[in-house]
Amino acid sequence: MDNKALLELSDGLKVELPILNGTMGPDVLNIKDLYKETGLFTYDPGFVSTASWSSAITFIDGDEGILKYRGHDIADLAEGNNFNDVIYLLLYGELPNSEQQRNFFFKIGELSKVSEQVVNVIKAFPKTAHPMSILIACFASLSALYHEKHGNNINSEDLNFGISAIAQVPAIIAMIYRHVNNQEFTRTDNKLSYSENFLRMMFGNAFDSNKSTLFARALDKIFTLHADHEQNASTTAVRLVGSAGSNLLASLSAGVATLWGPAHGGANEAVINMLNEIKQSGDVDKFIEKAKDDKDPFKLMGFGHRVYKNYDPRARILKDICDKVLDKLEQSNELLKIAKKLEKIALKDEYFIVRKLYPNVDFYSGIIMNAIGIPSNMFTPIFALARTTGWVAQWYEMMNDKETKICRPRQLYIGK
Ligand code: CMC
């Protein structure tokens, strides 16, 4: 379709703006030449109405609550595929056949060794450090090892740098966990799946085989659900840094820093802290009232989303996993009860209905990780572990896009 929009300015100047059609989702008004033709910039704080890139990786329909990776529905992937398959899918565009699956499994194993330099970075941090601060430093340190590989002229060999980050991040995060908890590091076991290996590196042989299987499966699904989410803040940070030609690992470090914020990935830790506070106070309604009070900065953590104006499909799947894990553990979990009560009240409340605020991915994930025995300060690093794949896939796509330019927004100057 050759659609155009006509912009008429007050001085009578008329400009035609092309409308671009994606394969799904809203059309996009192309304002690329607007400044050249009119001398005007657009103003869009927080990029609420801005499509910053074209991408073929992840599709979200926020009104319908749909999320797809490379055309595959997230619920099908979480149910029918393991995380290794999802990594392959996000990076290469197709699910692997059995030979590709086997080869990719070995490749991840081969690239998983963490260098002494990164181990030393972890050890240099005080035990009191937040694990996310250590993770930022680990990625920054990895960028020294891959220093010679800057952006531009990217080919499939360069993707190996990204795959090595994906392969190493479980071991790095397990080491961070063990460091801040005064425990010896454990070895990787590349015969295990990605999630089993991670669980083993975190907790050694602490669980019997039933529990390890249950927990590894739950983690595997958590990884799948968090792996990518189109142009979210951390992915945008990775793309922005990469657009300047900086090296991939340095770009990933910016992604980790961005994800840490409580409005983004840091919300999973904030949710558990909030649920614990509610548990102590015993008063769910008080927290609902605080969230609705526009003079109070408090927000219901794990609620609301820039894109979803419907139930986040990831939250629905996580709620189900949560029930299954706690059921199998025969645990009656007070935090889950509070979370469900909170959700029930909020979804009937005018304030949340009008603003279309629903539980998001962070609302239930922490309860599952909590049941596994993962402390809350490790929740966001685990989100980062999963999102590393999305960051790498998005970076690689951007580097191969001939339209990529250094990201350089303009401003509305209001100073002296
Ligand atoms: N509790 C109470 N009110 C809320 C909430 C909430 N969690 N979220 C949004 N609102 C209100 C907000 O105050 C505003 O009200 P009004 O129109 O009266 O000013 C309205 O809803 C629209 O919100 P917004 O802040 O303009 O929306 P946004 O798209 O800029 O922010 C958000 C989205 C996710 C940052 C926000 O909903 C939020 O802070 N939620 C809590 C933190 C959270 O759970 N973050 C995880 C997001 S999902 C995972 C991820 O991205 O990593």
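These numbers come from a predicted model, not from an experiment. As the structure lists them, so they are numbered: ligands from 1, and atoms in each ligand from 1.
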- Item | Derivation and outcome, side chain to side chain donor-acceptor pair (under 3.5 Å), residues E397 and S55 | CA-CA 7 Å; E397 181 182 68; S55 177; 2.7 Å; yes
- Item | Stepwise salt bridge (Lys or Arg N to Asp or Glu O under 4.0 Å) check, D323 with K340 | CA-CA 11 Å; D323 282 332; K340 285 188 173 172; 2.7 Å; yes
- Task: For F125 and S133, run side-chain contact (heavy atoms from CB on, under 4.5 Å): C-alpha distance rounded to whole Å, both residues' side-chain angles, the deciding distance at 0.1 Å, then the answer.
- Result: CA-CA 9 Å; F125 270 78; S133 67; 4.0 Å; yes
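Of the protein's non-hydrogen atoms, the one nearest atom 50 (C) of ligand 1 is H264 ND1, 3.3 Å. When only non-hydrogen protein atoms are considered, atom 45 (N) of ligand 1 lies nearest to A263 O, 3.0 Å. With respect to atom 36 (C) of ligand 1, the closest heavy atom belonging to the protein is F303 O, 4.4 Å. Nearest protein neighbour of atom 16 (P) of ligand 1, counting heavy atoms only, is R355 NE, 3.6 Å. Residue, atom and distance of the protein heavy atom nearest to atom 34 (C) of ligand 1 are G304 O, 3.6 Å. Of the protein's non-hydrogen atoms, the one nearest atom 42 (C) of ligand 1 is M301 CE, 3.4 Å. The protein heavy atom nearest to atom 7 (N) of ligand 1 is L300 O, 2.7 Å.
With distances taken over non-hydrogen atoms, the option nearest atom 10 (N) of ligand 1 out of N268, T258, L357 is L357. With distances taken over non-hydrogen atoms, the option nearest atom 11 (C) of ligand 1 out of Y351, F352, F287 is Y351. When the options R306, H305, K292, H229 are ranked by their closest heavy atom to atom 29 (O) of ligand 1, first place goes to R306.
Each of the following atoms of ligand 1 lies closer than 4.0 Å to a heavy atom of G265: 52 (O). For ligand 1, the atoms sitting less than 4.0 Å from at least one non-hydrogen atom of G302 are 43 (C), 44 (O), numbered in the order shown with element in parentheses. If you number the atoms of ligand 1 from 1 as listed, the ones under 4.0 Å from a heavy atom of F383 come out as 52 (O). Listed by number with element, the atoms of ligand 1 under 4.0 angstrom from any heavy atom of A267 are 43 (C), 44 (O), 45 (N), 46 (C). Those atoms of ligand 1 that come under 4.0 Å of a heavy atom in V361, given as number and element, are 49 (C). Within the listing of ligand 1, atoms 42 (C), 45 (N) sit less than 4.0 angstrom from a heavy atom of P262.
Using a 4.0 Å threshold on non-hydrogen atoms, atom 32 (C) of ligand 1 does not count as touching the protein. For atom 26 (O) of ligand 1, no protein non-hydrogen atom is found at a distance below 4.0 Å. Within a 4.0 Å radius of atom 48 (S) of ligand 1, the protein contributes one or more non-hydrogen atoms.
No heavy atom of G46 sits closer than 4.0 Å to any atom of ligand 1.
Residue contacts with ligand 1, taken as heavy atom pairs separated by less than 4.0 Å, do not involve A233 at all. Contacts between D362 and ligand 1, counted as non-hydrogen atom pairs separated by less than 4.0 Å, involve the side chain only. Both the backbone and the side chain of K299 come within 4.0 Å of ligand 1, counting heavy atoms alone.
Between the side chain of D44 and the main chain of V48, a donor-acceptor pair closer than 3.5 Å is present.
For the pair R355 and Y351, the cation-pi criterion (under 6.0 Å, within 45° of the ring axis) is fulfilled. In this structure, K68 is not positioned above the aromatic face of F59 in the sense of NZ or CZ being under 6.0 Å from the six-membered ring centre and within 45° of the axis.
Taking a cutoff of 4.0 Å between a charged side-chain nitrogen and a carboxylate oxygen, K309 and D63 do not qualify as a salt bridge. Using a 4.0 Å cut-off between charged side-chain N and carboxylate O, R217 and D220 make no salt bridge. Between K292 and E289 there is a salt bridge, since at least one side-chain N of the basic residue sits less than 4.0 Å from a carboxylate O of the acidic one.
Between the side chains of W260 and T380, no donor-acceptor pair of N or O atoms lies under 3.5 Å. For the residue pair E230/Y69, the side-chain donor-acceptor check at 3.5 Å is not satisfied. Between N210 and K328, the side chains place no donor N or O within less than 3.5 Å of an acceptor N or O (distance only, hydrogens not considered).
Between Y35 and F41, the ring-plane angle classifies as parallel under the 30° and 60° cut-offs.
Checked by distance only, ligand 1 and K309 stay at 3.5 Å or farther apart across all their nitrogen or oxygen atoms.
A 4.5 Å side-chain heavy-atom check between W395 and L252 finds every atom pair outside the cut-off.
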